[in-house]
**Q** 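This is the structure I have questions about; it appears just below.
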Amino acid sequence: MAITVTPIASDLIMHVEKDGGMGTIARKYPDVKTAATDADVYDVANGTNGLAKLQSRVFAGVLRANTVEIENA
C-alpha cells in the first residue's frame, strides 16, 4: 500500500515569556509557505531581524505546525 503525503498548510507559533516569568504566551502566525525550510522559519522567528526582535517580551521558543493530507495512492 503506497501512501502519499501532500502539505496543506503551515503555521509559525512563537512563545514569549509572560511578565514575571510565570509561563509563556503563544503568538500564532499562519500561512507560512509549506516549502519554507525549518531553518528559514526559525530565522523569521528569532533571526537577526526576526519577529522576536519586535517583541517587548523575552523570546521563549518557536514551533512549526504542519498540516498534511495523507492519501492511499
Side-chain angles (χ1 to χ4, degrees):
M1 169 168 49
I3 302 295
T4 60
V5 177
T6 306
I8 302 296
S10 186
D11 300 326
L12 182 154
I13 304 165
M14 188 170 68
H15 288 267
V16 293
E17 291 183 4
K18 288 183 179 180
D19 291 335
M22 301 298 290
T24 62
I25 300 168
R27 299 186 188 247
K28 182 177 178 181
Y29 299 92
D31 301 325
V32 173
K33 290 185 178 181
T34 56
T37 66
D38 292 337
D40 290 339
V41 172
Y42 185 84
D43 285 343
V44 167
N46 195 37
T48 304
N49 295 314
L51 294 169
K53 306 303 185 258
L54 302 173
Q55 303 289 320
S56 60
R57 299 176 186 269
V58 176
F59 175 78
V62 64
L63 298 173
R64 181 179 187 175
N66 293 320
T67 303
V68 297
E69 180 179 22
I70 303 172
E71 297 178 296
N72 185 6

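Because the structure is predicted, anything quoted here is derived from the model rather than measured.
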**Q** Membership question, hydrophobic clusters at under 4.5 Å side-chain separation (ILVMFWY): are Val44 and Ile13 in the same one?
**A**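 Different clusters: Ile13 never reaches Val44 through Ile, Leu, Val, Met, Phe, Trp or Tyr contacts under 4.5 Å.
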**Q** Are Met14 and Leu63 connected in a single hydrophobic cluster, I mean Ile/Leu/Val/Met/Phe/Trp/Tyr linked by side-chain heavy atoms less than 4.5 Å apart?
**A** no
**Q** Looking at every heavy atom in both Val68 and Ile8, which two are closest together, and how far apart are they?
**A** C-CG1, 4.0 Å
**Q** Could you go through the side-chain contact (heavy atoms from CB on, under 4.5 Å) check for Asn66 and Thr34 one step at a time?
**A** CA-CA 8 Å; Asn66 293 320; Thr34 56; 6.0 Å; no
**Q** Any chance you could measure Asp11, atom CG, to Arg64, atom CZ, to the nearest 0.5 Å?
**A**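 It comes to 9.5 Å.
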**Q** Might you work through the side-chain contact (heavy atoms from CB on, under 4.5 Å) test for Lys53 and Asn46, ending with a clear yes or no?
**A** CA-CA 7 Å; Lys53 306 303 185 258; Asn46 195 37; 3.5 Å; yes
**Q** Show the nearest heavy-atom pair for residues Ala2 and Asn72, with the distance to one decimal.
**A**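 The answer is O-OD1, 3.1 Å.
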**Q** Please determine whether residues Val58 and Leu54 belong to a single hydrophobic cluster, defined as Ile, Leu, Val, Met, Phe, Trp and Tyr linked transitively by side-chain heavy-atom distances below 4.5 Å.
**A** no
**Q** Are Leu51 and Ile25 connected in the hydrophobic side-chain network, where two residues link if heavy atoms are under 4.5 Å apart?
**A**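 Result: yes, single cluster for both.
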**Q** Find the distance between CD (Glu71) and CD1 (Ile3) and round it off to the nearest 0.5 Å.
**A**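 If we round to the nearest 0.5 Å, Glu71:CD and Ile3:CD1 are 9.5 Å apart.
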**Q** How long is the straight-line distance from CG of Asn49 back to CG of Asp43, given to the nearest 0.5 Å?
**A** 10.0 Å
**Q** Determine, stepwise, if the pair Arg57 / Asp19 fulfils side-chain contact (heavy atoms from CB on, under 4.5 Å).
**A** CA-CA 8 Å; Arg57 299 176 186 269; Asp19 291 335; 3.3 Å; yes
**Q** If you measure only the distance, is there a donor-acceptor pair under 3.5 Å linking the side chains of Asp38 and Tyr42?
**A** no
